[in-house]
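Structure first, commentary second.
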Protein chains: 2
Amino acid sequence: MMVSDNHEDIVLLAPEIPEILVRRYKILRKIYYSSPLGRRSLAAYFQVGERVLRREIETLREQGLISVSSKGMFLTASGKSLVASITPFLKSFLGLTVLEEKLLKLLKVKRVIVVPGDLEQDEVVLLEMGRAAARILRECLVPGMVLAISGGMSCAAVADMLPEAGAPQGITVVPARGGLGEVVDSQANTIAARVAKKLKASYRLLHLPDSLSQEALQVLLREKNIKEILDLINSARILVHGIGTAEEMARRRGVSAEEMQRLRDKGAVGEVFGLFLNSKGEIVDRIPGLGLYLENLSRKAHHVIVVAGGRQKADAIVAVVGNHQRDLLVLDEGAARRILEVLEGFGGEGNRDTIVSV
Amino acid sequence: MMVSDNHEDIVLLAPEIPEILVRRYKILRKIYYSSPLGRRSLAAYFQVGERVLRREIETLREQGLISVSSKGMFLTASGKSLVASITPFLKSFLGLTVLEEKLLKLLKVKRVIVVPGDLEQDEVVLLEMGRAAARILRECLVPGMVLAISGGMSCAAVADMLPEAGAPQGITVVPARGGLGEVVDSQANTIAARVAKKLKASYRLLHLPDSLSQEALQVLLREKNIKEILDLINSARILVHGIGTAEEMARRRGVSAEEMQRLRDKGAVGEVFGLFLNSKGEIVDRIPGLGLYLENLSRKAHHVIVVAGGRQKADAIVAVVGNHQRDLLVLDEGAARRILEVLEGFGGEGNRDTIVSV
DNA sequence: CAAAGCGGGTCTTTTTTTGTCCCATTTTTC
DNA sequence: GAAAAATGGGACAAAAAAAGACCCGCTTTG
């Protein structure tokens with residue numbers, strides 16, 4: 001830690017600078033993803049007064065970073081290029097780069113990317129994470145491979161942000177698991193199809209009714225079509241998946257209160273494509289259904305891209321990932337900082353005031 | 001110019017940052033050189049209201065950079081280390097590093113150092129320049145060499161800031177010229193003696209009465225003592241000198257109005273150890289006296305360290321230095337920026353508003 | 001064509017900043 | 001050792017900046 005870092009000096013001399021930079025960066029980023037966007041909408045989004053946001057807008061416009069029209073606000077060319085070029089700097093300035101390195105060592109994974117901001121407070125962070133994950137995904141693609149992707153908002157964002165540029169030939173995209181009852185936009189099937197379209201790849205889907213009995217599943221397994229697609233799923237070389245917390249599952253899908261309590265009793269803290277894990281990463285329960293088997297993941301998968309954000313997900317993330325050299329993590333700042341707290345033993349919620357978060 | 005520079009992005013996103021940093025840096029630097037220093041004295045120094053300075057002081061104290069006692073304010077250890085470590089960053093941030101490179105090429109000298117700030121507005125800049133020059137001087141020292149140094153405030157600052165640490169053996173310090181009537185602290189003789197003391201070197205002085213006639217000088221030249229020291233001066237391997245403007249000469253020494261007019265008519269813009277130069281660097285007049293001959297400077301001197309600051313000196317500096325690979329320049333930001341304006345043809349005073357100067 | 005959303009203007013209120021003192025104390029100076 | 005000067009800190013009113021809360025005319029959108 002003898003590396004002399006200018007950033008610390010600057011913050012020491014002018015502690016208000018991180019706040020200023022982060023505030024304006026957030027605004028630019030939001031406009032970037034949501035333009036055209038009005039002044040009032042933006043103020044409501046960040047939950048600040050209309051007038052205070054207006055002042056920021058004025059300076060940003062004076063700097064030529066945004067343009068305003070009757071439709072709303074846009075980023076100028078200069079604004080777009082600034083957002084792009086200042087992001088790596090901000091990451092370093094806010095200590096996210098060292099955070100990435102720490103998590104890399106602590107979790108023993110292949111790669112960690114931390115996106116500035118907290119998903120829980122700023123929704124566009126989801127898109128940023130999706131973009132980052134999409135970039136990594138592209139790097140991992142090899143002709144002829146099978147790519148499995150799970151459901152959830154995070155993976156939907158990956159699909160959204162994936163550019164339509166050309167990709168290696170002969171790729172097949174499949175859902176990691178047959179239909180888990182979600183809204184259609186974040187169902188694994190929908191996402192797999194969208195990803196396939198972006199990559200100009202083929203895809204196979206696995207549509208299943210929700211909440212099937214074990215018997216029904218056994219019957220379905222004997223169907224040739226289903227057997228085929230299941231084999232395909234289990235031969236995936238890349239898996240992209242999000243992470244659910246137990247609470248989230250209960251809320252989003254129709255898990256009853258009693259079932260929820262049973263899960264908690266078993267120690268379930270996180271969920272990945274239908275499997276509930278306890279804090280040690282052991283499977284304690286599963287949603288009935290068909291899809292990826294964990295054993296095959298270990299044997300076949302070369303890359304597992306995990307996308308998750310929000311402070312609340314920290315425990316689940318720790319439970320799910322780690323100790324796998326195949327894992328690539330895309331986190332947001334909120335989750336990443338919280339993970340570090342957890343792993344370093346600071347279980348509490350404190351010590352957050354000194355950190356200026358995006 | 002395709003080098004992506006974070007600094008420009010930061011300034012684009014938050015144009016108030018340079019002001020903040022520079023303001024606080026100036027305060028810390030002044031306290032560093034003048035502590036203990038009271039709140040009112042400091043406010044008077046920077047010509048700002050007592051209350052506005054107080055607010056800066058409060059934040060600096062909250063940051064643990066300064067401590068206040070009944071004697072006045074001091075830098076804490078943290079404050080001192082900050083000033084030291086943030087200076088190179090600030091130079092880069094304010095564009096002084098690229099300024100140095102530009103001047104290096106334009107003036108074709110060996111080295112250029114630009115110190116943040118303007119001597120005309122902030123006197124401690126003189127000390128900073130002195131320190132920078134002193135550091136360079138130490139690098140140039142070789143055992144047994146003769147070091148000549150001129151008079152003036154700048155060279156006095158060099159002597160002040162020279163650390164007393166050990167130096168090569170057998171060095172002899174001499175004044176570049178025999179007594180030009182100045183206050184004793186900035187006379188070449190005094191400075192030479194002080195430098196010698198700091199370097200633990202020997203020294204020879206050349207005390208002469210002011211305003212001698214040519215005849216008297218000729219007589220003195222035949223004196224063995226004087227001849228000896230003159231030979232010593234003209235064998236100097238290093239010369240440290242400041243630069244005077246014509247106006248300054250007139251003010252500081254007793255040059256009459258008519259004489260001043262005559263100098264101006266001859267095109268004199270700068271003065272170095274008694275020689276008046278026009279804008280082309282040609283000698284147009286000289287103050288009667290004994291000392292260094294310019295021819296010997298070209299033949300013998302390996303290093304000529306020129307120390308000058310303040311926007312007003314720009315023209316004089318351009319006239320005096322340049323095209324000598326032996327020259328090492330120590331400037332302040334005010335002079336340096338002005339020199340660039342002059343050399344690039346922007347003769348006017350404009351375009352200063354966008355630049356935040358220390 | 002109407003409703004919603006947009007930027008921009010403008011008013012008052014609130015907060016922050018600044019100017020201007022005074023005071024008790026310490027430090028310096030003579 | 002006394003007087004003078006300088007120190008930090010407190011206090012308060014004035015000024016300025018920021019923020020809140022509107023309205024208005026316009027464009028866009030459904």
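Letters go in sequence order (proteins before strands), and every chain restarts at 1.
- For P88(B), there are no side chain to side chain contact (heavy atoms under 4.5 Å, CB included) partners, not counting sequence neighbours.
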Seminar exercise, completed: Protein-proximity profile, nucleotides 19-29 of chain C, B/S/- by nucleotide at the 4.0 Å heavy-atom cutoff, equals BBBB---SS--
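- Counting heavy-atom neighbours within 6.0 Å of K200(A) NZ, excluding the residue itself, gives a total above 12.
- Under the rule for a salt bridge (charged side-chain N to carboxylate O under 4.0 Å, His left out), D9(A) has no partner lying at least two apart in sequence or in another chain.
- Atom P of nucleotide dT15(C) and atom CZ of R55(B) are separated by 18 Å, given to the nearest angstrom.
- R24(A) pairs by the side chain to side chain contact (heavy atoms under 4.5 Å, CB included) definition with I20(A), E56(A), T59(A), L60(A), L13(B), A14(B), P15(B), E16(B), not counting sequence neighbours.
- A search for side chain to side chain contact (heavy atoms under 4.5 Å, CB included) contacts involving R51(A) returns R54(A), not counting sequence neighbours.
- Nucleotides of DNA chain D with any atom under 4.0 Å from a heavy atom of chain A span, from 5' to 3', dA18(D) to dT28(D).
- Backbone-only contact: L37(B) has heavy atoms under 4.0 Å from sugar-phosphate atoms and none from a base.
- Rounded to a whole Å, the CE atom of M73(A) is 9 Å from the C1' atom of dG7(C).
- In terms of the ring-ring contact (aromatic ring centres under 6.0 Å, His included) criterion, residue partners of F89(A) (sequence neighbours excluded) are, by chain and number, H7(A), F93(A).
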With a cut-off of 3.5 Å and sequence neighbours excluded, list every side-chain donor-acceptor pair involving residues 41-49 of chain A.
from: Y45(A); atom 1: OH; to: D122(A); atom 2: OD1; distance (Å): 2.5
from: Y45(A); atom 1: OH; to: E123(A); atom 2: N; distance (Å): 2.6
from: Y45(A); atom 1: OH; to: V124(A); atom 2: N; distance (Å): 3.2

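- Atom CD of E16(A) is separated from atom P of dT16(C) by 15 Å (rounded to the nearest Å).
- Listed by chain and residue number, nothing satisfies the side chain to side chain contact (heavy atoms under 4.5 Å, CB included) test with S70(A) (two or more places apart in sequence, or in another chain).
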